[in-house]
Amino acid sequence: MLSGILLFNQKGELLILRAFRQDMRPRLADVFRIQSDNIYVVGVSKGNVNSALVFEFLYKLVSLGKSYFGRFDEEAVKSNFVMVYELLDEVLDFGYPQNTETETLKMYITTEGAVKSEQRALEDSSKITMQATGALSWRRDNIKYRKNEAFVDVIEDVNLLVSATGTVLRADVNGSIEMRAYLTGTPECKFGLNDRLTLGENGADTSLGGAVGNIGGNKASKAAAGSVTLEDVSLHQCVKLSNFTNDRTISFIPPDGSFQLMTYRATENVNLPFKVQAIVNEVGKSKVDFSIAIRANYGSKLFATNVVVKIPTPLNTANTTHRTSQGKAKYEPSENAIVWKIARFTGQSEFVLSAEAELSAMTQHKAWSRPPLSMQFSLLMFTSSGLLVRYLKVFEKSNYSSVKWVRYMTRAGSYEIRLGGDTGGKMCSTVTFVTPTDPRQIIAVSLDSLRKGSQREDTFPGRHHL
Amino acid sequence: MAVNRLRSALSAPRKGETYELRAGLVSQYAWERKESIQKTIMAMTLGKDVSALFPDVLKNIATPDLAQKKLVYLYLMNYAKTHPDLCILAVNTFVQDSEDPNPLVRAIAIRTMGCIRVDKMVDYMEEPLRKTLKDESPYVRKTAALCVAKLFDLNPALCIENGFLETLQEMIGDSNPMVVANSVTALAEITETAPETRALVVTSQTLKKLLLALNECTEWGRITILSTLADYRAQDTKEAEHVCERVSPQFQHVNPSVVLAAVKVVFIHMQHIENQQLHATYLKKMSPPLVTLISSQPEVQYVALRNIDLLLQKQPGILEKEMRVFFCKYNDPPYLKLTKLEIMVRIANSTNADQLLAELKEYAMEVDMDFVRRAVRAIGQVAIKIEESAEKAVNVLLELINTKIGYVVQEVIIVIKDIFRRYPGYEGIIPTLCQCIDELDEPNARGSLIWIVGEYAEKISNAGDILAGFVDGFNEEFTQTQLQILTAVVKLFLKKPDESQGLVQKVLQAATAESDNPDIRDRAYVYWRLLSSDPQVAKNIVLSARPQITSTIPVLSGPLLDSLIPNLSSLASVYQKPPQTFLGKGRSSALQAAAIEEAKQNARENPIAAAAVSAAVSGGSTQQMQNTAENLLDIDFDGAAPASMQKAPVGSASGLEGLAGTPNRVASPTGSSGAGGMEDLMGMFGNSNGAPPNPMNGGGGSDDLMNGFASMSMNGGQPPPPQHQMDGGGERKTKEDLLGLF
């Protein structure tokens, strides 16, 4: 297993060294390294270790550090090095990862050295240790809230890769359901997604919400019926995996506070929010013409925010001129790209940009590699996969009522459109895909009881009441 | 005075950091002491030697402040080795702490005790450890469980005497999943270091307990249990099915390493399931989670990809439909891109080949040189793997030639050479290839083009001119290219004797007289004699049909692959090498052993060598002899022969190994593939002066030659036989022969 954990800054200076075994020197078999901000987190081992585990653990360590110190960089490590040692001590023993649940760890490794009475500390410790090793290691006992609330965020990253000729090479969705639970006691939650949830290509339909089988249902009809096909899901450790395997119910006892309930992947019926048409024309050796048109493919009531389109330009671009129908475009020499920003992009509208890049003369003409055009955006109340949360039931002994909120957001993952590699020729790339028969407004319709946010820190509009 | 000076030198300095720290450590105020401890630890981290403060730090060990205690313990662990005697002072505190009412304190005490690797400490550990193993708090128990492994590392005998191993084995049945996981971890480690203890033996009983704990423990515990399950051999099919059934829900776990561990368990136990349908179901179930791994962090992705590579070699069908997810993203790190390329080629089949070729073409247009070359190579691999798409691939390659980018063109030429060796009928593109002759500057690319020209000399009208150009600069070429030039010119001569007589003499002359490379001289002599004896024989040998290559995708040898499957997700699977080769002291010997094993395997598998051997044994027909000899020629002389391509890197070294060989292998005809072939070859040329070669007669000549070599290598002290003279004689003779021939 791991022989030690080391943290280095970018100059290669050692910040933290925690050896768990004597064999850390002189001969290291292997070094695993990841980077976080400006430090390197290094794990060393002498044996034939489980590499996936090591990398995953290092990432866990970074996220642990982030939740403790806000950031996990040189500054944070230096000013909290005692704490870092304390954490390392707790999460690894003899090089074997132990408990890395932030919530649990925060109970007994705290930033402020709280002084407690002897007796009190003793009681706490017993509780802590029970919890740290218990079957519910992620939830402590006796949590109390005056108002019981649960927030569900469905966040989807849509990945798109379109070839220069306009065919969709790859369109998939990496989604995650983030939850914030403020619930009293030990509640048992049940989670319901679309009426029809299909897992895997030939998986049987699930019985969620009393769905009927999809015998002979082809793709189109499935989409129309508001079903969703997920390629794969991974669930938080609080979810009872065996239940999920048997009847696809997601039942769990949630950790307190925020956590990621599940992540999923969908590749079928991916509803692309934007359609991009890009024409790039190299005129001789001194000029490149760009003509980009972007069309929003979602309902006109919705709007995307923070839309950024990055249009790569050749390395030897000297100057650019551009016109846009909406938003602002600017040439960023450091990124070799024209960055076009649109603050609000209403559904069903189309915006265009035409630009011209003048190239400086080069002694040696080197072909331009034409990196792909990329997009960033976030779009509320829209899911590319069509996933929707139907219900969230909370059962608890005391039978209190709880308030549940849901929010959907689609973001750009890696949304790329290739600009064609053939120099000199006129290249046109169009995103073509089947316009779905149901743009996913079902979500907006079925959850009509829209309320204005909640009392708790909720900066986002558009959170729906379940 | 002198005494005084001495005393002042020996006593601690009154200034400086250490002095200040010491002052702080013994301060009367608790906060000041704590701060000083922190400072001391900080100095320790920075690599300063603060071991001088040992006694002072130790004074702070008895404190109710848990954080401070941890720091002191940390210091202790670091410097215990240098101050073994002082450590004993801490023992009391440890023993006390291990009976503290606070479970956290008990756990820290036992954890730290295990980490202080001082022999004297071991004696005091026994009692606290026994108590904490039976502690009421699971937290303490799980810590104590690991401590047994620490103790075993220090003093195995003590561990066994006290029955700690048995206690651990009982703890597998603990009610708390974490305790179970840690006990298994400890036992697994003990078993690994000392297999004779048989510490971890999974029975059907323990299996049940493990499966029960699996669903409840932390992600890391799950991995431990899963790895143990993977090592377990199911009693019967039913049990294997049961294990798969219970483990497969873990595919949905959020932690990629749990998923990978679960995949490993199911993959291994699946092989014992006889029900084919169930088999297929599990394979199908496995693919979505594997694909999901591709969206994790880049490093984890890399591990996943390397493992997928292994799984694909074992079960080629698993990810057939998932080609798209392996498409490279523009900003993927290079190591991911290259690994993804390899996997895409493995997944390729006739249905997705078109899609893949289009994608590979995109990659070939990028700017990263290494990636581009690999992409071009991948196009060739697809073409050779899938016959239907060969034509399309060739078209893509031709388009790439038109880019006129140096490294692309060179790689394309190399790839096309392999395509020629697989499919006939693409000779039409030769003129296009010949146009870029001036742009080639790498030995491999030049060699490939020359090979093509030689091979299709009869179809290229100006083949003579092209080769003449190369012959002119013969001495400036790379060895590899020179060898190709030789062969190509001889082929040309055999095909068009009247046009290229001068050329062949020129090149043979250059190779024998001016080259200082023995390989080139030898080959030139071989050709020269061959040509001077009988052109028909030479034709039979040089122009005989070669075996068709079937694949240029590197694969691991069967035994290696089988040994890697149980190592899935470990470092060995990432390196794709058996763990012994990069671990421990016997590193080099393990490498050697692997190489020898590989050579044996190759000897067994290689039909050409086997044929050569059988020919040598039976003294078979002339035709057969010639074929085998030519096969050998071809393999040796072609820079990138398929046999060498298929070998793993270790394999190419092993070829040499095989030749140098252990005595028994040279002696036994079946084992000595290389030597056997040589003998044949020598036999052939030994009597090349005579009429039709007769293997029975040839034996004498070859033996002589072999003996000559043998004596040379055996008796290092003796002056070597007059090799040079022999060569000279041969040269004169062959020259005469050649002249006579014409």
Side-chain angles (χ1 to χ4, degrees), chain A residues 14-17 22 29-30 34 47-53 55-56 59 81-82 85-86 89 93-94 96-99 108 113 118 121-122 125-126 128-130 132-133 135 137 161 163 169-170 174 200 231-237 241-242 244-245 260 263 265 369 371-372 414 416 418 421, chain B residues 38 41-42 45 47 67 70-71 74 101-104 111 117 137-139 142-143 146 149-150 176-178 185 215-216 218-220 223 249-250 252-257 260 288-289 291-292 295 297 299-300 303-304 324 327 329-330 359 362 365-367 567 569-572 574 579 582-583:
Chain A
L14 191 63
L15 299 176
I16 295 276
L17 177 148
Q22 293 306 302
D30 282 280
I34 63 166
N48 179 24
V49 291
N50 186 332
S51 329
L53 177 142
F55 280 127
E56 199 51 37
Y59 274 107
F81 83 98
V82 174
Y85 273 121
E86 231 179 302
D89 206 38
D93 189 7
F94 205 34
Y96 292 102
Q98 299 293 307
N99 196 335
Y108 58 104
E118 193 89 345
L122 193 62
S125 307
S126 337
I128 288 165
T129 52
M130 285 312 284
T133 52
S137 67
L161 185 61
S163 77
L169 294 176
R170 202 188 148 179
N174 284 331
E231 207 68 16
D232 186 31
V233 299
S234 347
L235 300 162
H236 187 268
Q237 59 164 319
L241 290 179
S242 42
F244 183 76
T245 315
Q260 191 175 53
T263 57
R265 207 159 46 77
S369 71
S414 108
E416 292 182 342
R418 288 186 180 152
Chain B
Q38 290 188 1
I41 301 288
M42 176 90 93
T45 305
K70 281 182 189 168
L71 288 179
L74 184 67
N102 186 339
L104 276 181
R111 182 162 66 207
R117 303 177 57 86
S137 163
Y139 185 80
K142 71 140 184 145
T143 315
L146 272 186
K150 296 176 192 170
N176 186 295
M178 268 292 264
T185 308
N215 279 319
E216 289 177 353
T218 64
E219 43 200 324
W220 315 113
I223 296 170
Q250 304 298 327
Q252 253 68 52
H253 200 279
V254 69
N255 186 326
S257 42
L260 212 50
V291 170
T292 304
S295 47
Q297 306 283 2
E299 290 87 358
V300 183
V303 175
R324 282 162 187 240
F327 284 0
K329 293 197 185 115
Y330 187 72
E359 186 69 12
E362 290 282 343
M365 307 275 207
E366 282 189 21
V367 280
N567 276 310
S569 138
S570 75
L571 208 50
V574 177
F582 57 89
L583 290 179

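Each chain gets a letter, A, B and so on, in the order its sequence line appears, and its residues count up from 1.
Between B/E299 and A/E56 there is no side-chain heavy-atom pair separated by less than 4.5 Å. Contact of the A/R265 side chain with the B/V291 side chain is registered, since non-hydrogen atoms from C-beta on lie closer than 4.5 Å. By the 4.5 Å heavy-atom criterion applied to side chains, A/V82 and B/M42 are not counted as neighbours. At a threshold of 4.5 Å between non-hydrogen side-chain atoms, the residues B/N567 and A/N48 count as touching. Side-chain contact between A/Q98 and B/L146 is present, with heavy atoms from C-beta onward closer than 4.5 Å. At least one side-chain heavy atom of A/D93 sits less than 4.5 Å from a side-chain heavy atom of B/R111. The shortest side-chain heavy-atom distance between A/L161 and B/K329 does not fall under the 4.5 Å cut-off. Counting heavy atoms from C-beta on, the side chains of A/F94 and B/T185 never come closer than 4.5 Å.
Only the side chain of A/E416 comes within contact range of chain B, with heavy atoms under 4.5 Å apart. For B/A149, the parts sitting under 4.5 Å from any heavy atom of chain A are the backbone and the side chain alike. If you measure heavy-atom distances from B/V303 to chain A, the contacts under 4.5 Å come from the side chain alone. Interface remark: B/L71 contributes side-chain atoms only to the contact with chain A (heavy atom separation under 4.5 Å). Heavy atoms closer than 4.5 Å to chain B are found in the side chain of A/N174, but not in its backbone.
Counting heavy-atom pairs under 4.5 Å between each of B/N215, B/V300, B/T292 and chain A puts B/T292 at the top. Looking only at heavy-atom pairs under 4.5 Å with chain B, the residue among A/L169, A/L15, A/T263 that has the most is A/L169. Among A/S51, A/A52, A/P371, the residue with the largest count of heavy-atom pairs under 4.5 Å with chain B is A/S51. Interface summary for chain A: among B/Q250, B/Q297, B/E359, the most heavy-atom pairs under 4.5 angstrom belong to B/Q297.
Taking OG from A/S234 and NE2 from B/H253, the interatomic distance works out to 9.5 Å, rounded to the nearest 0.5 Å. Taking CG from A/L53 and CG from B/L260, the interatomic distance works out to 10.5 Å, rounded to the nearest 0.5 Å.
Between B/R324 and A/R170, the closest heavy-atom pair is O-CD, 3.5 Å.
Side-chain atoms of A/N99 and B/T218 include no donor-acceptor pair closer than 3.5 Å. In this model, no donor atom of one side chain and acceptor atom of the other lie less than 3.5 Å apart for B/S570 and A/N50.
With hydrogens and angles ignored, the 3.5 Å screen pairs a side-chain donor or acceptor of B/Q252 with a backbone N or O of A/V233.
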